[in-house]
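So the structure is just underneath, and the comments pick up after that.
Here is the naming used below: chain letters follow the sequence lines, and residue numbers restart at 1 for every chain.
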Amino acid sequence: MRIITANLNGIRSAATKGFFTWLNRQRADVVCIQETKAQEWQLTDPVFHPAKFECHYHDAVKKGYSGTALFTRHTPQKIIHGLGIDWIDQEGRYLEAQFGNLSVISLYLPSGSSGEIRQEYKYRMMDAFLPHLQKLRAQNRSVVICGDWNIAHTEADIRNWRGNKKNSGFLPEERTWLSELFDKHGYCDAFRQLPQKEHEYTWWSQRGQARANNVGWRIDYQITSDDLAEQVQRTRVYRDKMFSDHAPLIIDYDFSIEP
DNA sequence: CGTAATACG
């Protein structure tokens with residue numbers, strides 16, 4: 001099966017640039033979207049509900065802000081909106097689809113780049129999310145968590161690591177949190193299961209010529225439970241001018257969703 | 001500076 005994750009930086013803007021035309025050609029089974037920046041009542045146009053998918057939206061309370069979506073070709077047994085934690089769910093950051101023993105999750109971890117208050121919020125969500133991830137493992141579920149984690153893990157995941165050691169998204173505490181997820185809690189970075197390509201980033205600053213020079217960060221991941229690690233068949237970062245600052249991440253797995 | 005509403009990334 002193929003899972004795509006994409007931070008769209010505004011789903012309405014993305015639609016006008018041809019995102020849905022592109023998507024309908026991708027043979028995706030599940031599509032996880034972040035930063036819809038819209039509420040569902042603003043998305044009545046059929047373009048936002050492509051026919052071959054079952055489409056779910058999880059909006060932020062604040063208009064034009066954040067928001068996740070999950071499109072699926074197969075009907076899930078259950079859709080879960082949010083973590084059950086109000087101050088997180090108000091920002092529309094977690095949307096889960098359950099297919100038997102498999103959970104596919106669209107996740108948008110906060111950015112901390114605007115200042116201390118949002119960095120603290122980011123840390124608080126990381127702290128609140130970890131027990132949830134442990135619970136999913138304790139239930140013996142297979143899990144694919146797709147989305148914008150707003151953290152570059154290692155020096156291989158960011159072009160200018162020296163210059164960003166004190167910047168949100170590459171702080172030691174954030175990187176350690178991801179390391180512990182991988183080393184202690186039974187999760188792995190699907191993209192890193194296959195032979196490494198260098199300088200494969202998913203996000204570029206809009207300042208200067210960052211995109212043109214590929215001075216980027218890998219902050220979008222599909223993080224799976226360890227049991228799915230050997231299922232990864234092919235990974236691809238899809239760079240196209242249609243996607244203004246984030247590139248979608250496409251991963252093919254060697255498992256299928258039970259009907 | 002883009003997206004979408006005057007903030008946020």
### Ring centers of A:Trp87, A:Tyr121 separated by less than 6.0 Å
yes
### Message
Taking the six-membered ring for Trp, are A:His153 and A:Tyr221 closer than 6.0 Å centroid to centroid?
### Response
no
### Message
Tell me the interatomic distance from A:Trp41, atom CH2, to B:dA4, atom P, rounded to whole angstroms.
### Response
13 Å
### Query
Hey, does A:Lys37 reach any base, or is it just sugar-phosphate, or nothing, if we go heavy atoms under 4.0 Å?
base
### Query
Roughly how many Å is it from CG in A:Asn7 to P in B:dA4, rounded to a whole number?
12 Å
### Task
Could you check whether the rings of A:Tyr253 and A:Phe255 sit parallel, tilted or perpendicular, using 30° and 60° as the cut-offs?
tilted
### Rounded distance in Å - CZ (A:Arg93) to C1' (B:dC8)
10 Å
### Message
Over all strands shown, is A:Ile219 touching base, sugar-phosphate only, or nothing at heavy-atom distances under 4.0 angstrom?
### Response
nothing
#### Entry: Rounded distance (Å) that lies between atom C1' of B:dA7 and atom CG of A:Asn9
13 Å
### Query
Among B:dG2, B:dC8, B:dG9, which is the nearest nucleotide to the side chain of A:Tyr108?
B:dG9
### Task
In whole angstrom, give the distance that lies between atom NE2 of A:His246 and atom C1' of B:dC8.
12 Å
### Query
When you measure from the side chain of A:Ser13, which nucleotide among B:dA4, B:dG9, B:dA5 comes out closest?
B:dA4
### Message
With clusters defined by side-chain heavy atoms of hydrophobic residues (ILVMFWY) lying less than 4.5 Å apart, directly or transitively, does A:Phe53 cluster with A:Val144?
### Response
no
### Query
Checking all strands, does A:Ser244 fall into the base, sugar-phosphate, or nothing category for heavy-atom contacts under 4.0 angstrom?
nothing
### Query
In whole angstroms, how far is the C1' atom of B:dG9 from the CH2 atom of A:Trp217?
12 Å
### Message
Is the phosphate of B:dC8 approached by A:Ser114 (side-chain N or O, under 4.0 Å from OP1 or OP2)?
### Response
no
### Task
Go through B:dC8, B:dT3, B:dG2 for me and flag the one nearest to the A:Lys62 side chain.
B:dC8
### Message
How many whole angstroms separate atom CZ of A:Phe170 from atom P of B:dG9?
### Response
21 Å
### Task
If the plane angle is over 60° it's perpendicular, under 30° parallel, otherwise tilted; pick one for A:Trp177 and A:Trp149.
tilted
### Query
Below 4.0 angstrom from OP1 or OP2 of B:dT3, is there any side-chain N or O of A:Tyr65?
no
### Message
Under 4.0 Å, counting only non-hydrogen atoms across every strand here, what does A:Phe243 touch: a base, just sugar-phosphate, or nothing?
### Response
nothing
### Query
A:Arg118 CZ to B:dC8 P: how many Å, rounded?
7 Å
### Query
According to a strict under-4.0 Å criterion, is A:Arg207 in side-chain N/O contact with OP1 or OP2 of B:dG9?
no
### Task
Taking only the side-chain nitrogens and oxygens of A:Lys122, find out if one of them lies under 4.0 Å from OP1 or OP2 of B:dC8.
no
